[in-house]
Every structure is written in structure tokens, then in C-alpha cells.
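As C-alpha cells, the structure follows; a few thoughts come after it.
Note that the structure is a prediction, hence the values are computed from the model and not measured.
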Amino acid sequence: VLKELENKMQEASGNQNYELALEYREILTKYERVTKSFDVASYIENPNLIEDLRTKAIEGLKEKIEILKTVPQRIECYDISNISGKNATASMTVSINGNLNNGKYRHFKIKTKNTPNDFEMVKEVLRRRLKRTEWGVPDLLVIDGGKGQVSSALEVLVELTLDIPVIGLAKREETIIYMINKEFVELHLEKSDESLKLLQRLRDEAHRFARRYHHKLRLKEISLN
């Protein structure tokens with residue numbers, strides 16, 4: 001089953017159907033979690049194993065990503081969901097000290113664009129979010145996407161005179177992308193890396209959360225017609 005899922009994921013990615021590839025990857029991840037045996041010996045040796053892995057994940061981000069000057073306690077991840085620009089939505093998922101905190105997740109209904117333009121939608125969402133100072137200040141912004149999405153986020157930060165590190169997580173190769181000294185850096189981590197796993201969980205949650213809200217709005221529109 002695992003091999004079949006991997007083949008389907010690679011086939012979808014090869015056809016540039018990244019949405020389908022991501023769905024296969026989400027199924028694959030869930031299947032692996034269910035079938036993977038729990039390491040009892042490791043847990044007995046270290047009862048704080050899970051917490052240690054979370055700490056390792058956020059500390060690893062600081063070690064591996066040059067633009068991070070401190071360990072990111074609050075990480076926010078953003079995903080845009082739209083079909084032909086209609087009922088476009090975005091989501092924000094949040095990690096606090098390496099723990100996903102769904103009580104702090106937020107939905108955004110895109111207001112300014114009726115055409116599929118992810119870059120402008122990223123700008124709109126970040127402008128709206130970063131003006132909500134009562135939500136706290138993120139230590140790291142993660143954008144689902146590549147160089148274009150990262151550039152869009154950086155434009156907003158310059159506009160709002162905010163200094164917050166931004167990275168992109170590109171789906172195809174799970175590449176971490178950020179800018180330093182006006183040059184893009186592409187970072188590739190091992191699949192087993194706890195830092196990458198944390199970013200993937202945030203991104204997958206953001207994708208699921210945005211898509212669910214998008215479907216809700218589409219169903220509402222259909223019911224009104």
C-alpha cells in the first residue's frame with residue numbers, strides 16, 4: 001500500500017498536479033503514523049521524548065535557517081485556497097513552542113481579488129493579519145509556496161516596517177526558501193528532520209483548514225442560487 005501511494009504521489013507531482021500529490025502525501029503520512037510501531041524502549045528511557053522532539057524541531061530551525069536569530073516560539077503558516085479566484089480563502093495555522101495550537105488558527109475570506117492571483121492574495125492576508133496586534137507577533141512566517149510567495153510577503157513587511165523572518169515551503173521537493181542579502185536561498189532537509197516535519201504539519205494543516213473553509217463558502221453560494 002505504501003509503495004502504491006508513493007507511486008501515485010510521484011506520478012501526480014510529475015504531472016504538476018501538486019494538489020493531488022499533496023493529498024496522496026497526506027494519506028501516506030497518516031498511514032505511516034497508524035502502521036508505525038511505537039518505540040516503547042525509547043519512551044521508557046526518556047518519558048519526555050515527545051516534548052524533546054518538539055524542542056529539537058524549533059531549535060533546529062534556528063540552527064539551519066540563517067535568517068533566524070532566535071528560536072521561533074510562535075510560528076504562523078499561511079495557505080491560499082481558490083478555484084479560478086472564486087470564493088478564495090486563506091488560512092493561518094499556528095505553532096507555539098513546537099505544538100500546533102488549533103485554538104489560534106484563523107480563516108480569511110479574500111476580499112480584493114476575483115481572479116486567481118496567489119501573490120496578491122498573500123499580500124492581502126498578511127496586511128490584514130499583521131494589523132491584528134492583539135494576536136501577538138510571530139517569530140516566523142511560513143508561506144505555502146516558493147519565491148513569488150516569499151517576495152510578496154516581504155513586500156508587505158517592508159510596507160508595514162516590520163522585521164519578521166519569512167520562509168516558503170515549496171510543495172514539489174519540500175524545499176525551504178528564504179531571502180538573505182537580496183538573494184534567494186534554497187534549503188533541502190532530510191525527510192526525517194524534525195524541523196521539516198514541523199513545517200510540513202503546519203503547512204498540511206493550513207491547506208486542510210483553508211480548503212475546508214473554501215468548500216463551505218462554495219456550498220453556501222450553491223445553496224443561494
Side-chain angles (χ1 to χ4, degrees), residues 18-27 29-30 57-58 61 72-146 148-157 160 162 164-172 174 176-177 196-221:
Y18 301 128
E19 292 287 328
L20 182 59
L22 179 58
E23 289 181 12
Y24 280 127
R25 198 182 71 75
E26 289 174 349
I27 295 170
T29 300
K30 290 175 182 177
I58 56 176
L61 287 171
Q73 305 300 320
R74 181 183 174 106
I75 305 173
E76 296 180 0
C77 182
Y78 295 83
D79 177 67
I80 305 293
S81 179
N82 74 88
I83 298 176
S84 301
K86 296 180 179 178
N87 292 315
T89 65
S91 64
M92 177 185 87
T93 52
V94 181
S95 166
I96 304 293
N97 296 323
N99 296 296
L100 270 62
N101 189 322
N102 59 16
K104 297 184 182 298
Y105 291 4
R106 295 291 183 270
H107 281 135
F108 300 85
K109 183 177 180 181
I110 302 298
K111 299 177 179 179
T112 57
K113 287 289 175 182
N114 291 314
T115 55
N117 187 327
D118 278 8
F119 303 153
E120 290 302 319
M121 291 177 184
V122 166
K123 291 179 186 178
E124 176 191 332
V125 169
L126 287 181
R127 286 188 188 107
R128 289 164 58 186
R129 182 274 174 262
L130 292 171
K131 290 176 182 177
R132 300 295 297 266
T133 54
E134 70 274 18
W135 292 359
V137 179
D139 301 304
L140 174 63
L141 296 175
V142 182
I143 312 296
D144 177 36
Q149 284 81 1
V150 171
S151 295
S152 298
L154 288 171
E155 283 185 39
V156 173
L157 292 173
L160 300 178
L162 293 172
I164 301 172
V166 179
I167 64 173
L169 185 60
K171 289 188 181 78
R172 187 167 188 177
E174 301 292 51
I176 297 170
I177 297 170
L196 177 60
K197 288 180 181 179
L198 173 59
L199 296 179
Q200 288 174 327
R201 286 196 296 272
L202 273 167
R203 190 272 316 282
D204 293 349
E205 275 283 273
H207 183 76
R208 178 190 61 80
F209 204 52
R211 187 170 54 187
R212 186 173 67 181
Y213 187 45
H214 175 72
H215 289 165
K216 179 180 178 180
L217 292 177
R218 290 193 69 200
L219 287 172
K220 182 178 180 180
E221 181 182 58

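- Between atom CZ of residue Phe119 and atom CD of residue Glu155 there is a gap of 10.5 Å, rounded to the nearest 0.5 Å.
- Pairing each heavy atom of Ala90 with each of Val125, the nearest pair is CB-CG2, 3.4 Å.
- For the pair Arg128 and Glu124, the salt-bridge criterion is met [side-chain N within less than 4.0 Å of a carboxylate O].
- When all heavy atoms of Ala153 and Val122 are compared, the closest pair comes out as N-CG1, 4.2 Å.
- Taking CH2 from Trp135 and CZ from Arg106, the interatomic distance works out to 5.5 Å, rounded to the nearest 0.5 Å.
- Distance check, rounded to the nearest 0.5 Å: SG of Cys77 to CD1 of Ile143 gives 7.5 Å.
- For the pair Val150 and Ile167, the tightest heavy-atom approach, listed with the atom from each and the gap, is CG2-C, 3.9 Å.
- Taking CZ of Arg208 as the start and OH of Tyr105 as the end, the distance is 7.0 Å to the nearest 0.5 Å.
- A distance of 8.5 Å separates CD of Gln149 from CD1 of Ile177, quoted to the nearest 0.5 Å.
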Compile the donor-acceptor pairs under 3.5 Å between side chains in residues 91-98 and protein atoms, sequence neighbours left out, one pair per line.
unit_1: Ser91; atom_1: OG; unit_2: Ala206; atom_2: O; d: 2.5
unit_1: Thr93; atom_1: OG1; unit_2: Leu202; atom_2: O; d: 3.0
unit_1: Ser95; atom_1: OG; unit_2: Gly98; atom_2: N; d: 3.4

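- The two residues Leu198 and Leu61 make their nearest non-hydrogen contact at CD2-CD1, 4.4 Å.
- Looking at Glu174 and Arg203, a side-chain N of the basic residue comes within less than 4.0 Å of a carboxylate O on the acidic one, giving a salt bridge.
- Considering every non-hydrogen atom in both Lys171 and Asp144, the closest pair reads NZ-OD2, 2.8 Å.
- Between Lys123 and Ser152, the shortest heavy-atom distance links the atoms CG-O, 3.7 Å.
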